[in-house]
There are 2 protein chains.
Amino acid sequence: MPESRPRNIPEATVARLAVYLRVLAGLADDGRSHVSSGELATAAGVNPAGLRKDLSHLGPCGVRGVGYSVASLRDRLTETLGGARSRPCVLVGVGRLGSALADYSGFPGRGFEFVALLDTDPATVGSSVAGLTVAPVAELETVVAETRASIGVITTPAEVAQSVCDRLVAVGVRSILNFAPVALAVPAGVDVRKVDLSVELQVLAFLDQQRDSTPSAVEPNRVERVRPLPSTARAGVR
Amino acid sequence: MPESRPRNIPEATVARLAVYLRVLAGLADDGRSHVSSGELATAAGVNPAGLRKDLSHLGPCGVRGVGYSVASLRDRLTETLGGARSRPCVLVGVGRLGSALADYSGFPGRGFEFVALLDTDPATVGSSVAGLTVAPVAELETVVAETRASIGVITTPAEVAQSVCDRLVAVGVRSILNFAPVALAVPAGVDVRKVDLSVELQVLAFLDQQRDSTPSAVEPNRVERVRPLPSTARAGVR
DNA sequence: AGCCGCTTGTGAACGCCTGAACAAAGTCGA
DNA sequence: TCGACTTTGTTCAGGCGTTCACAAGCGGCT
């Protein structure tokens, strides 16, 4: 019985599960054997009730009156998130952002693993980044076919992002993480997640400006800790 | 009359406004004078109706039957998002990710501007990144006071992120963008946005795995183009 | 000058996610 | 062995965001 019943887990929940997994890894290193939902929630920066709801998506995995077993919950999350083996990822565009991301492959058990890095710059091609040798982007089709990569990461300039995306899709990549500031057009059946670092800063700047405009806003809200959202977190006066 | 009435714009809308602004800048460079909501929406990767709703938050700014004036809408978005002047940002942790971000300061009119880069590594301190000289992190308090920075960006290792955050908050920074994989604890009145690159990849890996587990899922959904969300976009079979 | 077509702006419904309160269950102590 | 406390798992209501669909308004053509 490989997968039990988690047929449809909300995307926001999946993102939080990954956070829980990281916290649990830290707790395991500290030698902890059990955790309560409250402690785990504060460490992850979420609401305890929400955490329990998230965990309920993969069936009962805690013991009432005691809490969650760190090791077993960690293993269960690892299995749910990453499956048995890590999925191979290809990264295109080994600039500063690209090489920083390549290092996130870090330790296994995360569900993904970089198997190839591609770039056009002759000065970068051939160099070693995160234990991999950078290959020329001209070999994209060959590399994807050999590694059977199903995930592509685009950290190229915006001008070439769409063409790189098209080539990735053409050779079978159906999951793409896009850091280029463009909206990629893809056929049905392809997942695209977009991360826009510039937009994140602009949003923060807007909130900062808005707060200055209203020194003491009408709502004296109080929040003790950060209240994370799918990918971003906010807390404080609005 | 500086600000008209946009007292409370949803955060998700603000993120999209930043995207629209970038698209408009490109259209202006191409010499376009007017755009329809449909064209702008496809370029930004959103729904036309949603785009109009987003724009409605800052009052009527289009002409019925014609569309939006590229230049005037761009100016209006610039004013709304960034205000009159760019807000000063301090970045702590000039690694690969940090230096990549520093370059995003790129051209002005984005609402933010890096005014200082800090790091602890003696090899990095003193070097020039994105036109700025990296200062030692020990001078954090002095630098923030001199530059009156109100936004802090944390691209340090996770171990020191909380202490850096505490120091930033102590000297008056009330908006923080956190790239370290930890949940920062901050007092009320401080905004924290978190970007977790590792989680993004894990979510993508999960979706990829889930799709493989269900070759032909129960729902034969069809989507022609990417359907973006606040910070991420997805499209395709689930 | 009047009509037609196009586009914006807005109102309402749908669905999702979040947050809180309640019941089930298991353990520890007596 | 029984009771009570602790903590999980679930259910319910509330809010937010997105989407669809229609009315209002403006330009261009005849």
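Note: hydrogens, waters and symmetry copies are ignored here, and every other heavy atom, side chains too, is used. In what follows, chains carry the letters A, B, and so on, assigned in the order in which the sequence lines appear, proteins first and then strands, with residues in each chain numbered from 1. Predicted model only: the values in this text are computed from it and were never measured.
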Exercise for review: Under the side chain to side chain contact (heavy atoms under 4.5 Å, CB included) rule, what do Ile9(A) and Phe206(B) come out as? Steps first, then yes or no, please.
Suggested key: CA-CA 10 Å; Ile9(A) 301 182; Phe206(B) 172 81; 4.1 Å; yes
Under the side-chain contact (heavy atoms from CB on, under 4.5 Å) test, which residues partner [X], sequence neighbours left out?
| X | answer |
| --- | --- |
| Val173(A) | Val144(A), Leu168(A), Ile176(A) |
| Glu113(B) | Ser86(B), Ser105(B) |
| Ala43(B) | Val23(B) |
| Ala170(A) | none |

What is the distance from [atom1] of [X] to [atom2] of [N], rounded to the nearest Å?
| X | N | atom1 | atom2 | answer |
| --- | --- | --- | --- | --- |
| Tyr68(B) | dC6(C) | OH | P | 18 Å |
| Asn8(A) | dG15(C) | CG | P | 15 Å |
| Glu11(B) | dC16(D) | CD | C1' | 12 Å |
| Asp54(A) | dC16(C) | CG | P | 16 Å |
| Leu73(A) | dG9(D) | CG | C1' | 14 Å |
| Asn47(B) | dA13(C) | CG | P | 19 Å |
| Ile9(A) | dC17(C) | CD1 | C1' | 15 Å |
| Arg76(A) | dT8(D) | CZ | C1' | 14 Å |

Point to revise | Below 4.0 Å: OP1/OP2 of dG17(D) and any side-chain N or O of Arg16(B) | key: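 For Arg16(B), the contact criterion (side-chain N or O under 4.0 Å from OP1 or OP2 of dG17(D)) is not met.
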Revision key, fill the gap. The contact string for nucleotides 25-30 of chain C, one letter per nucleotide 5' to 3', using protein heavy atoms under 4.0 Å with B, S and - for base, sugar-phosphate only and none, comes out as BSS---
Check your understanding: What parts of residues 32-39 of chain A reach DNA chain C, counting only heavy atoms under 4.0 Å away?
Key ->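 Going residue by residue through residues 32-39 of chain A, none turns out to have a heavy atom under 4.0 Å of DNA chain C.
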Point to revise | Pairwise 5' ranking along DNA chain C for Arg52(A) and Pro10(A), keeping only the more 5' one | key: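 Looking at DNA chain C, the more 5' nearest nucleotide goes with Pro10(A).
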Exercise for review: Look up atom CG in Leu204(B) and atom CZ in Arg193(A), then write down how far apart they are to the nearest 0.5 Å.
Suggested key: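 Between atom CG of Leu204(B) and atom CZ of Arg193(A) there are 7.0 Å.
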To the side chain of [X], which of [options] is closest?
| X | options | result |
| --- | --- | --- |
| Lys53(A) | dT18(D), dG9(C), dC12(D) | dC12(D) |
| Ser56(A) | dT19(D), dT8(D), dT10(D) | dT10(D) |
| Ala12(A) | dT18(C), dA21(D), dT8(D) | dT18(C) |

Practice item. With heavy atoms under 4.0 Å as the rule, sort Gly50(A) into base, sugar-phosphate or nothing. Key: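 No contact.
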Check your understanding: Do Arg32(B) and Glu39(B) pass the salt bridge (charged side-chain N to carboxylate O under 4.0 Å, His left out) test, and can you show the C-alpha distance, the side-chain angles, and the key distance before you say yes or no?
Key -> CA-CA 12 Å; Arg32(B) 297 286 305 274; Glu39(B) 186 180 1; 2.8 Å; yes
Review point. Any side-chain donor paired with an acceptor under 3.5 Å for Asp191(A) and Ser175(A)?
Key: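 No pair is found: no donor N or O on one side chain lies under 3.5 Å from an acceptor on the other.
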Review point. Does Arg74(A) pair with Glu79(A) as a salt bridge, N-O distance under 4.0 Å?
Key: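 Here Arg74(A) does not pair with Glu79(A) in a salt bridge, since their nearest N and O are not under 4.0 Å apart.
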